[in-house]
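Reviewing the structure listed below.
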Amino acid sequence: MEVRFEKNIITGEEIEVIVKANRLTNNVKSLMAYINQFDQKPHRILPIKTNDSIIIVKVDDIILVDVQKNTLSIETLTAKYLIQERLYKFIQKLPKDIFVQVSKHAVINLDYLLSLEDSFAGSMTAKMEKSLRTSVSRKYLSDLEEHFRTLKGELLCQKISEM
């Protein structure tokens with residue numbers, strides 16, 4: 001990979017980044033996503049509206065977000081919160097580098113993932129901190145593998161693919 005700086009008087013203070021490659025690979029996509037998130041401020045706290053109050057939760061403390069009937073369950077290191085919000089809207093508030101959707105009903109924080117185990121019908125079970133578990137459906141397994149490729153390295157991905 002080559003990285004270089006070119007001065008461009010025409011653009012003024014605006015920074016333009018061009019990624020050149022012979023094809024659009026997963027590594028190229030990851031690099032572009034990283035560059036796009038570069039100047040965004042990380043979401044360190046998140047206000048969560050419960051029935052009777054608004055709780056401020058540290059994003060890094062969220063372990064698992066899961067849908068239970070019509071309620072969103074947010075498991076943190078210290079508590080469990082039940083709120084009335086759609087999963088897809090809540091996901092938009094989370095940083096994409098450590099949170100990954102693993103099924104239609106669940107999002108996990110990769111920092112608290114302990115292991116993945118084979119389950120029935122080709123799906124897997126994610127074992128999380130605090131003895132939490134959630135199913136990982138085949139549809140979302142490739143997204144999880146991609147996160148591992150970019151965050152944890154190629155070796156862990158190979159182990160998942162062999163399962």
Practice item. Would you check, one step at a time, whether the test side chain to side chain contact (heavy atoms under 4.5 Å, CB included) holds for Leu144 with Val136? Key: CA-CA 9 Å; Leu144 185 59; Val136 179; 4.1 Å; yes

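- Using a 4.5 Å heavy-atom threshold, the side chains of Pro95 and Val59 count as touching.
- Neither Leu82 nor Val65 shares a network with the other; the hydrophobic side chains, linked directly or stepwise wherever heavy atoms of I, L, V, M, F, W or Y lie under 4.5 Å apart, form separate groups for each.
- Nearest heavy atom pair, residue Leu113 against residue Met128, reads CD1-SD, 3.7 Å.
- Heavy-atom minimum distance, Asp60 versus Tyr112: O-OH, 2.7 Å.
- For the atom pair CG of Asp111 and CG of Asp61, the computed distance is 11.0 Å after rounding to the nearest 0.5 Å.
- Annotation: side chain of Gln101 is not in contact with side chain of Asp143 (no heavy-atom distance under 4.5 Å).
- Both Val67 and Phe99 belong to a single network of hydrophobic side chains, linked directly or stepwise wherever heavy atoms of I, L, V, M, F, W or Y lie under 4.5 Å apart.
- Hydrophobic clustering (side-chain heavy atoms under 4.5 Å, transitive across Ile, Leu, Val, Met, Phe, Trp, Tyr) groups Val57 together with Leu87.
- For the pair Lys130 (side chain) and Thr76 (backbone), a donor-acceptor distance under 3.5 Å is present.
- Legend: residues meeting salt bridge (charged side-chain N to carboxylate O under 4.0 Å, His left out) with Glu85, ordered by chain and number and at least two apart, are Lys93.
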**Study point:** From CA spacing to verdict: side chain to side chain contact (heavy atoms under 4.5 Å, CB included), Met124, Leu141
**Key:** CA-CA 8 Å; Met124 301 185 88; Leu141 194 54; 3.8 Å; yes

Review point. Could you go step by step and tell me if Lys104 and Ser137 meet the side chain to side chain contact (heavy atoms under 4.5 Å, CB included) rule?
Key: CA-CA 8 Å; Lys104 286 194 314 187; Ser137 69; over 6 Å; no

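- Here the CD1 atom belonging to Ile48 is positioned 8.0 Å from the CD1 atom belonging to Ile55, to the nearest 0.5 angstrom.
- Within the model, atoms NZ of Lys89 and CG of Leu72 stand 12.5 Å from one another, a figure rounded to the nearest 0.5 Å.
- Counting heavy atoms from C-beta outward, Tyr88 and Gln92 have side chains that approach closer than 4.5 Å.
- For Ser103 (side chain) and His105 (main-chain N/O), a donor-acceptor pair under 3.5 Å exists by modelled atom type.
- Residues Leu114 and Glu129 meet the side-chain proximity criterion, which asks for heavy atoms closer than 4.5 Å.
- Surrounding NZ of Lys96 are more than 12 heavy atoms belonging to other residues, nucleotides or ligands, all under 6.0 Å away.
- Not counting sequence neighbours, Arg138 has no partner by the side-chain contact (heavy atoms from CB on, under 4.5 Å) test.
- Note on Ile91: it clusters hydrophobically with Leu46, by side-chain heavy-atom contacts below 4.5 Å among ILVMFWY residues.
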Exercise for review: Output, in order, the C-alpha distance, side-chain angles, deciding distance and verdict of side chain to side chain contact (heavy atoms under 4.5 Å, CB included) for Val28 and Val19.
Suggested key: CA-CA 8 Å; Val28 173; Val19 178; 4.0 Å; yes

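- Separating the CG atom in Asp66 from the CD1 atom in Ile63 is a distance of 13.0 Å, to the nearest 0.5 Å.
- No salt bridge links Lys29 with Glu146; every basic N to acidic carboxylate O contact stays at or beyond 4.0 Å.
- If you take OG1 on Thr134 and NZ on Lys127, they are separated by 14.0 Å, rounding to the nearest 0.5 Å.
- Remark: the backbone N or O of Ile62 is paired with a side-chain donor or acceptor of Asn109 at under 3.5 angstrom.
- Here the straight-line distance linking atom CD of Glu117 with atom OG1 of Thr125 works out to 6.5 Å at 0.5 Å rounding.
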